[in-house]
Amino acid sequence: MGNSRWDSGAWTNYRTAHVDPVPKARRFSAGADPANDPAKFKVRESRISAANPRPTPVGLGLDCTGSMGELAHLMMGGGMDRTMTEIYARRPITDPHLLIGAIGDSKGDSAPLQMTQFEADVRLAEGAKKLWLEGNGQGNDGESYALFVLAMALRTSCDAIERQGRRGVIFTVGDEPVHQVYTRAEIERVVGIRIERPQMTAAEIYALAARNWDVFHIVVKDGSYIRGFGGLDRVLASWKPLLPERVIELDDHALMPEVVVSTLQVIGGADKAAVAASWGRGASKTIGSAIRNLPTIPGRPTAGGLARF
């Protein structure tokens with residue numbers, strides 16, 4: 001998939017016809033679509049095409065439990081356009097192919113993981129509308145972010161990785177700790193993969209994904225879990241051993257698209273201060289704080305772009 005390119009005009013037309021007139025509560029699916037279930041689909045593909053000769057697969061997994069469903073509404077309300085438009089303008093990666101995941105809790109949710117196709121044009125919005133914002137979670141101090149990472153590692157087929165020897169990028173976004181252990185039954189039910197061992201740890205999943213993917217997690221500090229329940233320290237203690245230097249603390253979830261793009265710039269070698277300043281006075285402080293600890297990743301290929309001023 002992903003054989004075209006993003007066009008902001010096409011997005012504006014789509015939003016005017018299919019998003020803005022629809023009440024917020026009806027913008028996403030009323031139930032889980034089996035076509036988005038990793039346990040049922042064969043694979044998600046990112047392919048070379050004439051429009052995208054060097055496709056870069058990017059997976060964006062959004063916590064869709066409780067108040068975190070706002071992340072999906074953010075993307076549908078303009079976040080997709082901001083993300084794709086700024087990637088094209090700033091060129092931190094070549095030919096972006098974006099996949100959106102809806103993450104829940106495999107310990108009890110009906111649809112704890114859903115994934116769109118990789119897309120590079122407005123079909124991404126049409127695919128995202130078919131996601132179900134189940135909104136549950138299980139009140140157990142965690143969500144199944146790692147299963148999205150496992151599905152990205154094992155249920156995708158990407159020409160960048162398999163034919164061009166390049167790496168993809170995975171982001172997960174949410175306000176809770178990550179579950180540290182997943183049983184064989186969970187993994188088979190949610191991801192459609194049979195493992196021989198009784199369980200798999202989050203550390204093992206992230207190590208597996210790191211072979212071909214650069215993985216990051218964005219902690220949404222204005223989420224209800226951090227503000228009212230577990231607190232930031234509890235969340236960071238869950239994540240930092242898994243992703244040293246790759247845990248991003250975001251004060252304002254509304255800037256998630258800009259932080260994703262900024263992360264792509266920084267890991268490709270752009271100066272952090274310049275990247276933060278390029279977003280303007282209203283956002284630069286928040287974005288600068290979010291990306292301050294990110295590493296430059298030696299050898300990561302870029303399209304040659306730097307921060308846009």
Side-chain angles (χ1 to χ4, degrees), residues 2 4-20 22 24 27-28 52 56-64 68-102 116 118-129 131 169-174 216 218 220-222 248 250-268 270 272 274-291 294 302-303 305-309:
S4 186
R5 292 179 73 81
W6 190 265
D7 179 86
S8 285
W11 159 253
T12 298
N13 292 338
Y14 181 88
R15 179 175 178 174
T16 300
H18 301 291
V19 179
D20 292 343
V22 179
K24 189 174 179 181
R27 288 180 182 172
F28 292 90
N52 296 287
T56 303
V58 178
L60 181 61
L62 308 177
D63 184 339
C64 288
M68 285 291 94
E70 284 301 313
L71 295 172
H73 286 289
L74 169 67
M75 292 301 286
M76 188 61 72
M80 271 182 280
D81 183 51
R82 283 153 52 197
T83 301
M84 296 296 283
T85 298
E86 291 294 345
I87 289 175
Y88 282 134
R90 296 165 181 259
R91 300 185 296 130
I93 57 174
T94 56
D95 302 339
H97 282 180
L98 184 60
L99 176 155
I100 295 177
T116 70
F118 284 105
E119 297 290 2
D121 60 18
V122 76
R123 284 173 290 187
L124 179 64
E126 189 63 31
K129 281 183 63 178
L131 298 173
V169 188
I170 299 171
F171 294 91
T172 54
V173 190
F216 300 86
I218 300 174
V220 179
K221 291 167 67 176
D222 58 341
I248 300 163
L250 178 59
D251 291 322
D252 181 358
H253 75 278
L255 290 172
M256 188 240 325
E258 289 78 6
V259 167
V260 166
V261 177
S262 296
T263 299
L264 295 175
Q265 292 181 271
V266 170
I267 65 175
K272 295 174 188 177
V275 169
S278 71
W279 294 104
R281 185 173 300 175
S284 62
K285 183 177 180 180
T286 299
I287 293 172
S289 177
I291 65 176
L294 285 173
T302 71
L306 296 175
R308 188 181 69 179
F309 294 89

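Heavy atoms only: backbone and side chains are in, while hydrogens, waters and symmetry mates are out. Quick note: residue numbers are just sequence positions, from 1.
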Any donor and acceptor pair, going by atom type alone, linking the side chain of [X] with main-chain N or O of [Y] inside 3.5 Å?
| X | Y | result |
| --- | --- | --- |
| N52 | S4 | yes |
| K272 | L294 | yes |
| R5 | D121 | no |
| T172 | G61 | no |
| S278 | V275 | yes |
| R15 | D20 | no |

What's the verdict on side-chain contact (heavy atoms from CB on, under 4.5 Å) for Y14 and M80, showing C-alpha distance, side-chain angles and the deciding distance?
-> CA-CA 12 Å; Y14 181 88; M80 271 182 280; over 6 Å; no
Quick check: closest heavy atoms across [X] and [Y], and the distance to 0.1 Å?
| X | Y | result |
| --- | --- | --- |
| P57 | F118 | CB-CE2, 3.6 Å |
| V22 | R27 | O-NE, 3.1 Å |
| A128 | F28 | O-CD2, 3.3 Å |
| P257 | M75 | CG-SD, 4.3 Å |
| W11 | W6 | CB-CZ2, 3.7 Å |
| P92 | V261 | CG-O, 4.4 Å |

Ion pair check, K221 and D252, cut-off under 4.0 Å = no
Ionic contact status for E258 with R90, cut-off 4.0 Å | no
Which distance, rounded to the nearest 0.5 Å, do you find between the [atom1] of [X] and the [atom2] of [Y]?
| X | Y | atom1 | atom2 | value |
| --- | --- | --- | --- | --- |
| Q265 | E86 | CD | CD | 8.5 Å |
| I218 | I291 | CD1 | CD1 | 11.5 Å |
| D7 | Y88 | CG | OH | 9.5 Å |
| L255 | S284 | CG | OG | 10.0 Å |

Using the side chain to side chain contact (heavy atoms under 4.5 Å, CB included) rule, pick out the option among L99, I100, T83 that qualifies with L124.
-> I100
Option from V260, L264, V173, I267 for which side chain to side chain contact (heavy atoms under 4.5 Å, CB included) with F216 holds = I267
Please list, chain by chain and in numerical order, all residues satisfying salt bridge (Lys or Arg N to Asp or Glu O under 4.0 Å) with D81, sequence neighbours excluded.
-> none
Does the side chain of [X] reach to within under 4.5 Å of the side chain of [Y], using non-hydrogen atoms?
| X | Y | value |
| --- | --- | --- |
| L250 | V259 | yes |
| H97 | T56 | no |
| L98 | L60 | yes |
| M84 | P96 | yes |
| T116 | E126 | no |

Start with the C-alpha gap between K24 and M76, add the side-chain angles, then the distance that decides, and say whether side-chain contact (heavy atoms from CB on, under 4.5 Å) holds.
-> CA-CA 10 Å; K24 189 174 179 181; M76 188 61 72; over 6 Å; no
How far apart are the C-alpha atoms of H18 and V122, what are their side-chain angles, what is the distance that settles it, and do they pass the side-chain contact (heavy atoms from CB on, under 4.5 Å) test?
-> CA-CA 12 Å; H18 301 291; V122 76; over 6 Å; no
Exercise: do W279 and S262 side chains pair donor with acceptor under 3.5 Å = yes
Candidate pair L62 and M256, rule side-chain contact (heavy atoms from CB on, under 4.5 Å), full reasoning | CA-CA 11 Å; L62 308 177; M256 188 240 325; 4.0 Å; yes
